[in-house]
Amino acid sequence: MLASGLEYTDVLIRRHLYPQTMRRRLPFVMGYDVVGEIDQLGDGVRGFQIGDRVADMTVVGSNAAYRTLRADRLTRVPVGLDVAEAATLILTWTTAYQLLHRAARVRRGQRVLVHGAAGAVGQALLALGRLAGLDLWGTARGAHAALIRELGATPIDYQRDDFVRVLAGGFDVVFDGIGEDGYRRSFAALKHGGLLCAYGYSAGVQAQRRMLTMLIWIARLYLWRWLPGGKRARFYSINAMRARHPGWFREDLQRLFELVATGAVRPRVAERISFDEIAEAHRRLEAGGLQGKLVLCPDLKR
Ligand SMILES: NC(=O)c1ccc[n+]([C@@H]2O[C@H](COP(=O)([O-])OP(=O)(O)OC[C@H]3O[C@@H](n4cnc5c(N)ncnc54)[C@H](OP(=O)(O)O)[C@@H]3O)[C@@H](O)[C@H]2O)c1
């Protein structure tokens, strides 16, 4: 293992608020994604050699020094790419890329609102949205306004301003990984025919809601399409999309590796951490205020 990202989703998994892993009981090894170097090959594996650099999204198990992976789930990591930057692309940036281009299928010039814009997925949505020629707004705490502007979007201070009133006529698309008030105001901020792509429920986790409450929020999104106004809402899950379209996951991750290799985008790594710092990293993720990703680099000595 060379690098494994730590993400807010790890907090959900640890608190048993993540549908896919909620039945797991401790002890188990966490770690959502991995960049590593092949150390051994299983019988019959073709197309890979010892020493090849590869990536996978594993959901759990990658905060480890070694692990076993299925060859048919691996994506090659180009030589020369920084391993921590490469790790940020697996869950976080692939989520943002698929939200834009697979779920919402955005078009140049559309007016788009991104919640949690200073967060990991939020920053990736702004950077990739800018490449796609979108007109972007981002909600974040006031202290992050400069970062949001630097990423090419208009900042909205979520502690002071009302994003529903910012744009007369409403947004074409809203991306919401927070779920404040069960996505109601995000839906209200859409124009006629607009699309809400919900993908997370950090606000519910912070407020210590039960899993059932969040599942009700998600189910309700699909009922709202029957309301007048022609607005639509859906929930995106990277795992559900990977299960349906495994080829898209590999294709999109490879595209992101290319974008970083050519310098078209630059993911922010807030800090590279060692194994000893993982517990503290979870506290930092829960406290908020980070401006980039924490990445476990097992070779790092404290
Ligand atoms: N469905 C999927 O496939 C998928 C994939 C990846 C992630 N996710 C989910 O998406 C969510 C975001 O992930 P992430 O990795 O980007 O988390 P993150 O790095 O913690 O970012 C979340 C951001 O939201 C901000 N925030 C908190 N409350 C807010 C509010 N009321 N209004 C606007 N912004 C607010 C935080 O800002 P402050 O720092 O100012 O508090 C933080 O910058 C998580 O719930 C995660 O589980 C889902």
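Along the sequence shown, residues carry numbers from 1. The shown structure was predicted, so the numbers you read here are calculated from the model rather than taken from an experiment. Both ligands and their constituent atoms are indexed starting at 1 by order of listing.
Between T95 and ligand 1, not a single N/O pair is under 3.5 Å apart. The N/O atoms of L285, backbone and side chain alike, include none that comes under 3.5 Å of an N/O atom in ligand 1. Looking at Y236 next to ligand 1, an N or O pair under 3.5 Å apart turns up. By the 3.5 Å distance cut-off applied to N or O atoms, I178 is not counted among the residues near ligand 1. Below 3.5 Å of separation, one finds no N or O of H115 facing any N or O of ligand 1. Some N or O of S202 is nearer than 3.5 Å to an N or O of ligand 1, by distance alone. Taking any N or O of L91, backbone or side chain, none lies under 3.5 Å from an N or O belonging to ligand 1. In terms of N/O distances under 3.5 Å, ligand 1 is not approached by G200.
In this structure, atom 23 (C) of ligand 1 has a protein heavy-atom contact shorter than 4.0 Å.
With hydrogens left out, the protein atom closest to atom 25 (C) of ligand 1 is G116 CA, 3.7 Å, a heavy atom. For atom 42 (C) of ligand 1, the closest heavy atom belonging to the protein is G119 CA, 3.9 Å.
In this structure, A118 counts as a contact residue of ligand 1, since one of its heavy atoms falls inside 4.0 Å of the ligand. Under the 4.0 angstrom criterion for non-hydrogen atoms, A203 is not in contact with ligand 1.
Side-chain contact check for S62 and T58: at least one donor-acceptor pair (N or O, by modelled atom type) lies under 3.5 Å.
Looking at E37, its side chain never comes within 3.5 Å of a backbone N or O of R53 through a donor-acceptor pair.
Between the CD1 atom in I156 and the CG atom in L113 there is a gap of 5.0 Å [rounded to 0.5 Å]. Here R266 contributes atom CZ and D82 contributes atom CG; the two are 7.5 Å apart, rounded to the nearest 0.5 Å.
Heavy atoms of other residues, nucleotides or ligands lying less than 6.0 angstrom from CZ of R46 number 12 at most. Within 6.0 Å of CZ in F28 there are more than 12 heavy atoms belonging to other residues, nucleotides or ligands. Under a cut-off of 6.0 angstrom, the local environment of CZ in R220 is crowded, with over 12 non-hydrogen atoms contributed by other residues, nucleotides or ligands.
Set against the non-hydrogen atoms of A120, the atoms of ligand 1 under 4.0 Å away are 15 (O), 16 (O), 18 (P), 19 (O), 21 (O). Within the listing of ligand 1, atoms 30 (C), 31 (N) sit less than 4.0 angstrom from a heavy atom of E180. With ligand atoms numbered from 1 in the order given, ligand 1 contributes 38 (P), 39 (O) to contacts under 4.0 Å with heavy atoms of G289. Annotation for ligand 1: atoms under 4.0 Å from non-hydrogen atoms of T139 are 33 (C).
Annotation: cation-pi geometry satisfied between R102 and W248 (NZ/CZ under 6.0 angstrom from ring centroid, within 45° of ring axis).
Ring pair H101/Y97 is tilted by interplanar angle, where 30° to 60° counts as tilted. The aromatic rings of F187 and W224 sit tilted relative to each other, their planes meeting at an angle between 30° and 60°.
For the residues L99, I238, L125, L294, the heavy atom positioned nearest atom 3 (O) of ligand 1 is part of I238. Of the candidates Y201, Y199, Y158, Y199 brings a heavy atom nearest to atom 8 (N) of ligand 1. When L6, L12, T9 are ranked by how near their heavy atoms come to atom 7 (C) of ligand 1, first place goes to T9. Closest heavy-atom approach to atom 16 (O) of ligand 1 within the set V205, V121, T88: this belongs to V121.
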Donor-acceptor pairs under 3.5 Å, side chain of residues 142-151 to any protein atom, not counting sequence neighbours: which ones?
{"unit_1": "E150", "atom_1": "OE2", "unit_2": "R268", "atom_2": "NH2", "d": "2.8"}

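F163 has its ring centre less than 6.0 Å from the ring centre of H115.
Salt-bridge annotation for R184 and D181: absent, with no side-chain N of the basic residue lying under 4.0 Å from a carboxylate O of the acidic one.
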